[in-house]
There are 2 protein chains.
Amino acid sequence: MSLTDTSQHSNCSAMSDVLNRIGDKWSVMVVGMLGRNGTLRFNELKRLINGVSQRMLTLTLRNLERDGLVTRTIYPEVPPRVEYSLTELGKTLQVPISALWDWSAENHGAIVEARAIYDARETAVAADSSRKIAYARG
Amino acid sequence: MSLTDTSQHSNCSAMSDVLNRIGDKWSVMVVGMLGRNGTLRFNELKRLINGVSQRMLTLTLRNLERDGLVTRTIYPEVPPRVEYSLTELGKTLQVPISALWDWSAENHGAIVEARAIYDARETAVAADSSRKIAYARG
DNA sequence: CAGGATCCACGGCGATACTG
DNA sequence: CAGTATCGCCGTGGATCCTG
């Protein structure tokens, strides 16, 4: 099975299934963070990932653990300590995610630019048809 | 700027921003389809991408167009014909997405397996504490 | 054929409060 | 510290109908 052969209709559902998890913003963040830092505690992750709520971080970690991408290690101490890290499977996922990350860093500017151009055109078109809209409204 | 350097806190927002679009399930599908088939019409895409509604396909294509990833070509015929294809920027995105796609195809089985194991353990734990739950409910 | 407009349900997600 | 439980909003997205 060649690499370019993987995108037949048959694999659409598999891709879809996988995307439902890893296509998730927080999951990508968590994998990215764990991939770089190796092992992190719950609140360390929470601090590193900007804007994540404690609820979403918990859910994300649970799903990643369930999918065999992240290990969860509980240390029976007080105060409690729980450490997260990537499994071997998770580390392999880190590769394509890293590629995506790099692409983002490199092309974010181009996207912002494209949006500006598109929006400028759109507002121009909107202004052009403003009379018709106003007419229809009145 | 090295590749491994791209995941500092600074790029978190850029990645987040990009992920909001390309992390989207349908966007990935569209890019994947266009990347393989080159140029596709609206309904061709709709047929190829299983489960997408016409509304979501429209929105997805608009966003991709706005981000400069997809071109939209209207042929003033009757019946109307609109063709979509990837821009150069879109083609570069196709690379990391393809990597993700390949990863999905290759590791989907492992994920399903991991889920089964996890769920089996969870239901076992749930059964274990069923009395306590029943007690609390009663 | 390609899509705009509208309606509506549902669930994702944040905020908050509580626990071991 | 690392969660669980509950509530409530509102955005997402499907279904449906209509147009050029």
Side-chain angles (χ1 to χ4, degrees), chain A residues 16 19-30 33-34 39-66 70-85 118 122 125-126 128-130 132-133 136-137, chain B residues 16 19-30 33-34 39-66 70-85 122 125-126 128-130 132-133 135-137:
Chain A
S16 178
L19 272 178
N20 278 336
R21 303 266 178 218
I22 61 153
D24 169 51
K25 173 183 178 177
W26 300 130
S27 296
V28 174
M29 292 291 184
V30 167
M33 291 302 170
L34 290 180
T39 295
L40 290 171
R41 301 178 61 174
F42 185 85
N43 276 340
E44 286 176 333
L45 276 168
K46 192 167 183 314
R47 265 187 302 269
L48 282 173
I49 301 175
N50 214 312
V52 68
S53 69
Q54 142 258 46
R55 170 191 155 85
M56 283 320 293
L57 182 56
T58 301
L59 288 179
T60 301
L61 287 169
R62 285 295 175 283
N63 282 331
L64 289 174
E65 186 195 2
R66 184 169 105 100
V70 157
T71 64
R72 178 168 178 264
T73 311
I74 310 174
Y75 295 88
E77 306 170 357
V78 39
R81 178 161 57 104
V82 179
E83 290 187 344
Y84 294 92
S85 59
Y118 184 93
E122 281 307 292
V125 171
D128 199 32
S129 59
S130 62
K132 197 201 299 184
I133 293 177
R137 274 185 180 162
Chain B
S16 180
L19 272 178
N20 278 336
R21 304 262 178 222
I22 62 151
D24 169 50
K25 174 183 177 177
W26 299 129
S27 297
V28 174
M29 291 292 183
V30 168
M33 291 302 169
L34 290 180
T39 296
L40 290 171
R41 300 177 62 172
F42 185 85
N43 276 340
E44 286 176 336
L45 277 168
K46 192 168 185 311
R47 264 188 302 270
L48 283 172
I49 301 175
N50 214 313
V52 68
S53 67
Q54 148 254 49
R55 172 189 153 86
M56 284 320 293
L57 183 55
T58 301
L59 288 179
T60 301
L61 287 168
R62 286 295 175 281
N63 283 330
L64 289 174
E65 186 195 2
R66 185 170 104 101
V70 158
T71 64
R72 179 168 177 263
T73 311
I74 309 174
Y75 295 88
E77 305 170 357
V78 40
R81 179 162 56 106
V82 179
E83 290 187 345
Y84 295 93
S85 58
E122 282 308 291
V125 172
D128 200 31
S129 60
S130 61
K132 197 203 297 183
I133 293 175
Y135 196 77
R137 274 186 180 163

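All values below were derived from every heavy atom in this structure, side-chain atoms included, with hydrogens, water molecules and symmetry-related copies excluded. In what follows, chains are A, B, ... by sequence order, proteins preceding strands, each numbered from 1.
Checking the phosphate oxygens (OP1, OP2) of C:dG3, a side-chain nitrogen or oxygen of B:R72 falls inside 4.0 Å. At C:dC1, none of the side-chain N or O atoms of B:Y84 fall inside 4.0 Å of OP1 or OP2 (strictly under the cut-off).
Heavy atoms only, all atoms of each residue included: A:S85 and A:T39 are closest at CB-OG1, 3.6 Å. Across every non-hydrogen atom of A:W26 and A:T60, the tightest pair is CB-OG1, 3.5 Å. Annotation for A:Y118 and B:R62: closest pair OH-CD, 3.7 Å, computed over non-hydrogen atoms. Shown here for A:V52 and A:I49, the closest heavy-atom pair between the two residues is CG1-O, 3.3 Å.
Rounded to an integer number of Å, the gap from B:R47 CZ to C:dA2 C1' is 12 Å. In this structure, the CZ atom of A:F42 is 11 Å from the C1' atom of D:dT4, given to the nearest Å. Atom P of nucleotide C:dG4 and atom CD1 of B:I74 are separated by 10 Å, given to the nearest angstrom. Atoms CD (A:E77) and C1' (D:dA2) sit 13 Å apart, rounded to a whole Å. In this structure, CG of B:N43 is placed 9 Å from P of C:dG3, rounded to the nearest angstrom. Rounded to whole angstrom, the span from the CD atom of B:E65 across to the C1' atom of C:dG3 amounts to 13 Å. Straight-line distance from the CG atom of B:L57 to the P atom of C:dG4: 11 Å, rounded to whole Å. If you take CZ of A:R62 and P of D:dA5, they are 11 Å apart, rounded to a whole angstrom.
When heavy atoms are screened at a 4.0 angstrom cut-off, B:Y75 is found touching no nucleic acid atom at all.
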Next item on the list: Do nucleotides 9-20 of chain D as a string where each nucleotide becomes B, S or -: B if the base has a protein heavy atom under 4.0 Å, S if just the sugar-phosphate does, - if no protein is that close.
Entry: ----BBBBB--B
Listed pairs under 3.5 Å, donor-acceptor, residues 75-83 of chain A side chains, sequence neighbours left out:
from	atom 1	to	atom 2	distance (Å)
A:Y75	OH	A:E83	OE1	3.3
A:E77	OE1	A:R81	NE	3.3
A:E77	OE2	A:R81	NH2	2.7
A:R81	NH1	A:E83	OE2	3.0

Item checked: Test log, rule side chain to side chain contact (heavy atoms under 4.5 Å, CB included), inputs A:R72 and A:L61 -> CA-CA 8 Å; A:R72 178 168 178 264; A:L61 287 169; over 6 Å; no
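The shortest distance between side-chain heavy atoms of B:Y84 and B:M33 does not fall below 4.5 Å.
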